[in-house]
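Contents: one structure, followed by commentary.
Proteins get letters first, then strands, A, B, ... in listed order; numbering begins at 1 in each.
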Amino acid sequence: MPVLVDFDERIDDESDLPLSCSLPPRSDTSLPPAVDEALGLRAAYERTFAATRRTGVVRLGGADHVADLVAAFVRIANGVPIDDAGIPANMIGQAALDVRAYYEEAALALADHVPAARRAESWFYRSTHAGTALRGARDALREADVSRGVWFALVPTGQ
Amino acid sequence: MGSTDDVIRQAVNDLEVFDFGNTACTRAPRLNTARVAIVTTAGLRDDGIGAWHDGQGFVALDDAARDLVLAHVSPNFDRAGVAADLNVVYPVDRLHELAAEGVIGSVAARHLSFMGAQPDHTLTTLRLDTGPAAARMLLDDGVGVVLLTPV
């Protein structure tokens with residue numbers, strides 16, 4: 001029995017195409033670009049929070065800690081062992097979901113419309129320094145033979 | 001690479017699924033007199049905890065609650081839509097509109113959230129324990145129809 005069944009109807013939209021969201025200019029060049037970028041998006045994130053009164057950045061200390069999480073992913077992507085990177089191994093996935101939620105909620109404020117499915121996700125992973133850091137961290141952990149359960153939540157299928 | 005939906009479809013198309021055998025079928029009440037509850041697998045929580053620690057269990061959500069957290073473990077679905085509007089996975093406001101219009105009889109006092117990414121594909125605990133418990137809770141609340149939002 002098939003798990004999925006195909007129907008003739010098809011909705012063609014801009015799903016998966018990255019949003020065109022302006023990223024903040026560099027502010028503090030002493031910081032890694034990804035960390036500086038995350039800090040620069042705080043205002044956009046707060047605008048979405050003010051409008052919705054909800055946030056998905058709830059797992060590891062809230063929006064105040066996102067820059068620290070991004071810094072840890074930058075370290076992992078650069079080859080720092082997971083035990084020295086600043087996030088417990090069993091919280092790596094949760095940290096990634098917090099960072100992604102922060103960026104996607106910021107994207108909602110930067111875009112002038114609610115984006116089609118996965119456009120904010122694609123913007124995050126393909127157009128931002130933090131998304132690049134998560135990709136790099138995933139690759140580094142995989143190459144280090146770290147258990148898949150640790151890194152599978154860093155980058156969704158399709159990205 | 002095709003769309004993300006195409007990629008995921010290819011990845012799961014041949015997954016072995018549990019055979020539930022005969023499917024129970026019952027006649028639904030008239031919708032305009034029915035009390036309707038949402039049963040979602042979005043992994044929603046009302047306690048602010050962003051992690052799902054309930055396995056194949058469920059969380060009961062007060063109908064009035066809107067400050068809900070998405071604790072689903074999978075990264076493989078669009079989360080921005082939920083951030084923009086909770087009704088994308090939990091159409092509680094839409095239910096109230098339908099009730100006001102007389103399309104449905106009433107909205108349940110509680111709704112239920114399970115979490116959809118379950119590693120045990122036999123869903124034994126859900127079939128034998130938490131599922132019946134959830135149904136009992138809804139029946140005790142006078143619910144006659146559920147709106148399932150699979151995530």
Side-chain angles (χ1 to χ4, degrees), chain A residues 1-6 10-13 15-17 19 45 48-49 51-60 62 90-91 93-94 96-98 100-109 111 113-125 134 138 149 152-159, chain B residues 1-21 23 42-53 61 65-90 92-93 115-117 119 121 150-151:
Chain A
M1 179 191 303
V3 174
L4 301 172
V5 178
D6 288 322
R10 183 178 177 88
I11 299 174
D12 290 315
D13 60 12
S15 297
D16 289 306
L17 292 176
L19 277 177
Y45 165 84
T48 294
F49 182 70
T52 65
R53 306 312 302 171
R54 290 188 303 113
T55 180
V57 190
V58 295
R59 298 165 183 82
L60 288 174
N90 65 341
M91 299 302 293
Q94 299 292 300
L97 291 175
D98 262 7
R100 176 181 160 184
Y102 177 88
Y103 269 74
E104 289 180 346
E105 290 168 31
L108 292 177
H113 59 281
V114 178
R118 297 196 178 89
R119 292 200 71 189
E121 173 193 301
S122 293
W123 167 77
F124 171 61
Y125 282 102
L134 261 67
R138 186 270 314 266
F152 91 97
L154 268 64
V155 182
T157 299
Q159 295 296 345
Chain B
M1 178 171 22
S3 71
T4 301
D5 281 348
D6 292 334
V7 172
I8 292 178
R9 183 183 294 267
Q10 288 179 18
V12 304
N13 198 48
D14 295 325
L15 277 180
E16 192 172 330
V17 295
F18 184 80
D19 183 357
F20 286 86
T23 302
L44 298 178
R45 307 188 63 91
D46 59 358
D47 56 11
I49 296 175
W52 188 264
H53 298 299
L61 304 171
R66 296 294 184 275
D67 186 18
L68 302 178
V69 169
L70 185 72
H72 201 293
V73 303
S74 173
N76 295 328
F77 64 93
D78 178 26
R79 291 168 173 257
V82 185
D85 185 355
L86 183 63
N87 287 276
V88 167
V89 295
Y90 185 67
V92 62
D93 295 322
M115 199 283 292
H121 291 176
V151 179

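- A/Thr55 OG1 to B/Asp67 CG: the interatomic distance, rounded to the nearest 0.5 Å, is 10.0 Å.
- Of the atoms belonging to A/Arg118, heavy atoms from both backbone and side chain fall under 4.5 Å from chain B.
- Shortest non-hydrogen contact noted between A/Gln94 and B/Ala51 is OE1-CB, 3.7 Å.
- Legend: residues meeting salt bridge (Lys or Arg N to Asp or Glu O under 4.0 Å) with A/Arg59, ordered by chain and number and at least two apart, are A/Asp98.
- Here the shortest heavy-atom pairing between B/Ala83 and A/Glu105 reads CB-CG, 3.8 Å.
- Scanning both residues, B/Val7 and A/Thr157, for their nearest heavy atoms gives CG1-CG2, 3.4 Å.
- Scored by the salt bridge (Lys or Arg N to Asp or Glu O under 4.0 Å) test, B/Asp93 finds B/Arg66 as partners (sequence neighbours excluded).
- In this structure, B/Ala84 and A/Thr52 approach most closely via the heavy-atom pair O-CG2, 4.3 Å.
- Here A/Leu97 is the residue among A/Leu154, A/Val114, A/Leu97 with the most heavy-atom pairs under 4.5 Å with chain B.
- Heavy atoms of A/Phe152 lying under 4.5 Å from chain B belong to its backbone as well as its side chain.
- The CD atom of A/Glu121 sits 8.0 Å away from the CG atom of B/Asn76 when rounded to the nearest 0.5 Å.
- In terms of modelled atom types and a separation under 3.5 Å, the side chain of A/Arg100 and the main chain of B/Pro75 share a donor-acceptor contact.
- Under a 3.5 Å cut-off, the side chain of A/Arg54 and the backbone N or O of B/Val69 do not form any donor-acceptor pair.
- For B/Leu68, the part lying under 4.5 angstrom from a heavy atom of chain A is the backbone only.
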